Protein chains: 2
Amino acid sequence: MNIEPSLKKCPLFSGLEDGEIAELGGISISKRYPKGALIFSEDQEAKGFFVVISGRVKIYKLSPEGKEQILHIISPGQTFAEAALFDGSTYPAFAESLAETRVLYFPKESFVNLIRKNPQMSLNMIASLSHWLRKFVSLVEELSLKDVSARLSKYLMDLSAQSGRSSQRGIEFELDIRKSQLASQLGTISETLSRALRRLRDRGIIKVEGKKITILQKEALEEISLGIPL
Amino acid sequence: MNIEPSLKKCPLFSGLEDGEIAELGGISISKRYPKGALIFSEDQEAKGFFVVISGRVKIYKLSPEGKEQILHIISPGQTFAEAALFDGSTYPAFAESLAETRVLYFPKESFVNLIRKNPQMSLNMIASLSHWLRKFVSLVEELSLKDVSARLSKYLMDLSAQSGRSSQRGIEFELDIRKSQLASQLGTISETLSRALRRLRDRGIIKVEGKKITILQKEALEEISLGIPL
DNA sequence: CACTTGGTTTGATTTAGGTCAATTTTAGGT
DNA sequence: ACCTAAAATTGACCTAAATCAAACCAAGTG
């Protein structure tokens, strides 16, 4: 299968010439992982970074007691572990496929050479890292300053904005991950998430049918997401 | 006052020629803030970034109820708000001087021009952003997966490693910030921090005399910092 | 040197959210 | 469609940490 179209869609490689894209194709290695495969472990030596072509990958930390905090879920077109190549020599977290996943793997050395020669790619990398950074600032803020209901509401607002259809009842969309994974992304556990969803439902703010969510009162949900006590 | 020596010490500008350093001096603007001054606000348009020459700056978020989470405390030689120039157009947090502070301010446009022309600087920027990223991953991990005692112990271990003197009793050092600020950096409040310090003291793991800390049982402190229940 | 002011400590209490255990629901595999 | 196993929900309970309130301490000022 030809991978260049996938690379062109990737923000990290935007604005590159066709020749440069081809060169990228040359240094990358295609890999496939079944669902649930460990792509790399925390503290493992970082010998390259990844672009997701299809499937999904979760990046996460584990506590000694086994609690999981998902840092991000990577979708097709997105990259991960870029930063590990440039700071320290190990991956800072675990990466696991959430579904059958195809990635392109870029070995550190050849990619670093490429970036040294290519100013546009450097700038793209800077933009990509800056974007990650903003996401993490936001995650820290949420974990430290907001309660579970607020974090959940924010998540639902964001997801509805990107994949919601409006019906007469309200804005409908599907959760794109298991609720237990969502809990782990929001820095909590499934029991607590379940109760938070129920509180929103009981107040008539949302409707929950399995993975299908309908937002009935957008304004109320927004208020809660901003931390106004419910 | 001549600023070039300060710039040379800054990791973001390491490996640059003297001429390039001089050029940097040309585009930067020196600014002074008294203790407690607001350098910028969250959501304010990001028109430039900063290098701390002397003093200290805290970068922080506020919750609607006024609780503060310190993201980082910037010391001389370090930069802040670089990422804001490359992603979105606003600062993602507040910045306030903790003491009388001198900074160099680099206006966005001229700095971005410079970085476009200078590959070494791009690479330095990538390294700097990657480093920030790792710090934030670690902060998220701590907030989400570790209790206050573990976070505190980690902080004490780190600080002792960088500024501790060993005496016969143990490793001695001074807290470099107020305890209330430390609490806010650890994602908690001063009362809780005070109790956590007391627990460590009561177990004979540390000695606390005002800002002076002595680590009496390094191994025990390390264990707690790793999340082994105390 | 007394006085104010801000930081710190301590105690009593509340609460959000985690833990444990039991049930119900959902989803994948044969 | 059935069966098993995993996921989700619910209830009872517990715990870490926040809140509220008061006392305490240290530093700087008139």
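Predicted, not measured: the structure shown is a model, and the values here were computed from it. In what follows, chains carry the letters A, B, and so on, assigned in the order in which the sequence lines appear, proteins first and then strands, with residues in each chain numbered from 1.
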Would you mind reading off the distance between [X] atom [atom1] and [N] atom [atom2], rounded to a whole angstrom?
| X | N | atom1 | atom2 | answer |
| --- | --- | --- | --- | --- |
| B:Lys212 | D:dA26 | NZ | P | 15 Å |
| B:Ile213 | C:dT8 | CD1 | P | 12 Å |
| A:Arg178 | D:dT9 | CZ | P | 13 Å |
| A:Ile189 | D:dT10 | CD1 | P | 15 Å |
| B:Glu209 | C:dG7 | CD | C1' | 18 Å |
| A:Gln69 | C:dG18 | CD | P | 11 Å |
| A:Glu191 | C:dC20 | CD | C1' | 9 Å |
| B:Leu193 | D:dA16 | CG | P | 17 Å |

Checking base pairs now: Watson-Crick or wobble, both atom distances under 3.5 Å. What partners C:dT30?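 C:dT30 is paired, partner D:dA1.
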
Mind checking A:Thr192 for me? I need base, sugar-phosphate or nothing, with any heavy atom below 4.0 Å counting as a touch.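 It contacts base atoms.
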
[N] phosphate, OP1 or OP2, under 4.0 Å from [X] side-chain N/O:
| X | N | value |
| --- | --- | --- |
| B:Ser190 | C:dT9 | no |
| A:Ser180 | D:dA8 | yes |
| B:Arg198 | C:dT9 | no |
| B:Lys179 | C:dT9 | yes |

Would you mind checking if [Y] and [X] are paired as a salt bridge, meaning a charged N to carboxylate O distance below 4.0 Å?
| X | Y | value |
| --- | --- | --- |
| A:Glu100 | A:Arg32 | yes |
| A:Glu222 | A:Lys154 | no |
| A:Lys207 | A:Glu172 | no |
| B:Arg151 | B:Glu142 | no |
| A:Lys211 | A:Asp176 | no |

Spell out yes or no: do the side chain of A:Arg195 and the base of D:dG11 have one donor N/O and one acceptor N/O closer than 3.5 Å?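 Such a pair is found, so the answer is yes.
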
Taking the side chain of A:Ser194 as its heavy atoms from C-beta onward, which of C:dA16, D:dT10, D:dA17 lies nearest to it?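 Within the option list, the nearest is D:dT10.
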
Which listed nucleotide (D:dA17, D:dA18, C:dG17) is nearest to the side chain of A:Arg151?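 Per side-chain heavy atoms of A:Arg151, the pick is C:dG17.
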
